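Keep in mind it's a predicted model, so treat the numbers as computed, not measured.
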Amino acid sequence: MLSNKRIQELELVMEFEKVEECFKEVSSWIENVGRKRLKETINLDDSLEMLLQAQKHFREFDLVASEYCRRGQEALKKMDRWEDFSSVDVHSYRVKLQTYRDQLEEFCTQLDENRHRICETVRLYEFFDKVRQGICSTEEGVKS
């Protein structure tokens with residue numbers, strides 16, 4: 001049994017090394033591109049037109065970012081079996097795996113939050129724009 005467990009651990013280490021390339025690529029993209037682009041969406045413009053343009057740019061970024069999130073989650077799913085192993089030899093790999101998981105979860109959460117915030121901000125601006133137009137047309141009707 002001990003020999004079988006050791007063989008399984010070695011197989012997991014080899015599998016981790018294969019999957020780690022995907023982790024590294026996703027992690028690198030998150031750090032070098034993703035986080036910077038998310039920071040750009042913190043300060044949204046004051047006009048509806050500029051906000052709609054920012055939303056369009058965010059949607060383009062969101063497509064790419066969501067693909068990286070999906071790829072990272074698929075790679076993590078392949079490594080779910082690590083939860084059953086607790087030997088010292090596997091510990092360093094589990095630490096790396098948890099680091100990737102934490103980074104990916106944080107980024108995907110921030111992406112979701114920004115997506116929701118931009119959408120809600122656009123809806124609010126559109127509402128205020130309609131109210132403003134309604135007030136302006138009412139004022140025009142009163143002046144006539």
Side-chain angles (χ1 to χ4, degrees), residues 1-140:
M1 284 180 66
L2 193 58
S3 176
N4 286 344
K5 185 172 180 159
R6 183 69 178 147
I7 289 171
Q8 287 177 331
E9 288 175 356
L10 290 173
E11 288 172 350
L12 280 174
V13 168
M14 291 185 329
E15 185 178 348
F16 180 86
E17 289 172 355
K18 290 178 189 173
V19 175
E20 188 174 29
E21 282 307 309
C22 178
F23 291 144
K24 286 180 179 179
E25 182 183 340
V26 170
S27 178
S28 175
W29 185 88
I30 287 172
E31 291 304 318
N32 297 321
V33 178
R35 290 195 194 285
K36 291 175 185 172
R37 292 287 304 270
L38 282 178
K39 285 179 184 177
E40 292 172 5
T41 63
I42 289 175
N43 298 322
L44 298 173
D45 291 313
D46 291 345
S47 73
L48 179 58
E49 182 181 323
M50 295 299 288
L51 189 57
L52 289 170
Q53 189 172 2
Q55 183 184 38
K56 180 182 178 238
H57 291 299
F58 180 81
R59 283 183 177 157
E60 293 167 0
F61 162 72
D62 189 26
L63 287 173
V64 175
S66 293
E67 176 62 21
Y68 275 98
C69 288
R70 185 193 60 74
R71 287 175 50 206
Q73 289 164 345
E74 285 178 2
L76 287 172
K77 195 172 225 170
K78 290 178 184 177
M79 304 311 302
D80 280 347
R81 297 184 328 187
W82 281 87
E83 303 302 321
D84 300 335
F85 294 92
S86 59
S87 76
V88 174
D89 295 335
V90 179
H91 180 72
S92 65
Y93 294 98
R94 290 183 71 185
V95 169
K96 283 183 183 180
L97 189 61
Q98 188 60 48
T99 301
Y100 289 129
R101 179 176 282 118
D102 293 344
Q103 179 193 40
L104 183 65
E105 286 176 5
E106 178 190 358
F107 178 76
C108 292
T109 298
Q110 288 176 348
L111 183 66
D112 288 341
E113 289 171 356
N114 278 19
R115 184 184 308 116
H116 179 73
R117 183 176 57 83
I118 289 172
C119 182
E120 290 301 310
T121 304
V122 166
R123 287 180 50 203
L124 186 62
Y125 270 70
E126 287 173 338
F127 172 76
F128 284 131
D129 195 51
K130 287 179 184 176
V131 169
R132 184 185 55 76
Q133 288 174 2
I135 290 172
C136 288
S137 64
T138 302
E139 287 176 353
E140 289 294 317

Going from [atom1] on [X] to [atom2] on [Y], what distance comes out if it is rounded to the nearest 0.5 angstrom?
X	Y	atom1	atom2	result
Lys78	Leu12	NZ	CG	13.5 Å
Leu48	Tyr125	CG	OH	9.0 Å
Glu67	Asp62	CD	CG	12.0 Å

Mind listing the closest non-hydrogen atom pair of [X] and [Y] along with its distance?
X	Y	result
Phe107	Cys69	CD2-SG, 3.8 Å
Val26	Gly72	CG2-N, 4.0 Å
Leu111	Phe61	CD1-CE2, 3.8 Å

[X] side chain near [Y] side chain, heavy-atom distance below 4.5 Å:
X	Y	result
Ile30	Tyr68	no
Gln98	Val95	no
Arg101	Leu104	no

Q: State whether the side chain of Thr41 and the backbone N or O of Leu38 hold a donor-acceptor pair below 3.5 Å, judged by distance alone.
A: yes
Q) Under 3.5 Å, side chain of Asn32 to main-chain N/O of Ser28, donor-acceptor pair present? A) yes
Between [Y] and [X], is the closest basic N to carboxylate O distance under 4.0 Å?
X	Y	result
Glu40	Lys36	no
Arg35	Glu31	yes
Glu15	Lys18	no
Glu126	Arg123	no

Q: For Asp129 and Gln133, test the side chains for any donor-to-acceptor distance below 3.5 angstrom and give the result as yes or no.
A: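 Distance-only check passes for Asp129 and Gln133.
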Q: Check the pair Gln73, Cys108 against side chain to side chain contact (heavy atoms under 4.5 Å, CB included), reporting the backbone distance first and the verdict last.
A: CA-CA 10 Å; Gln73 289 164 345; Cys108 292; 4.0 Å; yes
(Q) The criterion is side-chain contact (heavy atoms from CB on, under 4.5 Å); which residues satisfy it with Glu21, sequence neighbours excluded? (A)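 So Glu21 forms a side-chain contact (heavy atoms from CB on, under 4.5 Å) with Lys24.
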Q) Mind checking what makes side-chain contact (heavy atoms from CB on, under 4.5 Å) contact with Asp112, not counting sequence neighbours? A) Arg115
Q: Check step by step if side chain to side chain contact (heavy atoms under 4.5 Å, CB included) holds for Leu10 and Met14.
A: CA-CA 6 Å; Leu10 290 173; Met14 291 185 329; 5.7 Å; no
(Q) Applying side chain to side chain contact (heavy atoms under 4.5 Å, CB included) to Phe23 and Lys96, what does each step give before you reach the verdict? (A) CA-CA 10 Å; Phe23 291 144; Lys96 283 183 183 180; over 6 Å; no
Q) Is the CG atom of Asp102 crowded by more than 12 outside heavy atoms at less than 6.0 Å? A)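 Result for CG/Asp102: enclosed.
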Q | Partner of Glu74 under side-chain hydrogen bond (donor to acceptor under 3.5 Å, both in side chains), chosen from Arg70, Lys77, Arg71 | A |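 Passing option: Arg70.
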Q: Could you walk me through whether Leu63 and Arg59 pass the side chain to side chain contact (heavy atoms under 4.5 Å, CB included) test, one step at a time?
A: CA-CA 6 Å; Leu63 287 173; Arg59 283 183 177 157; 5.9 Å; no
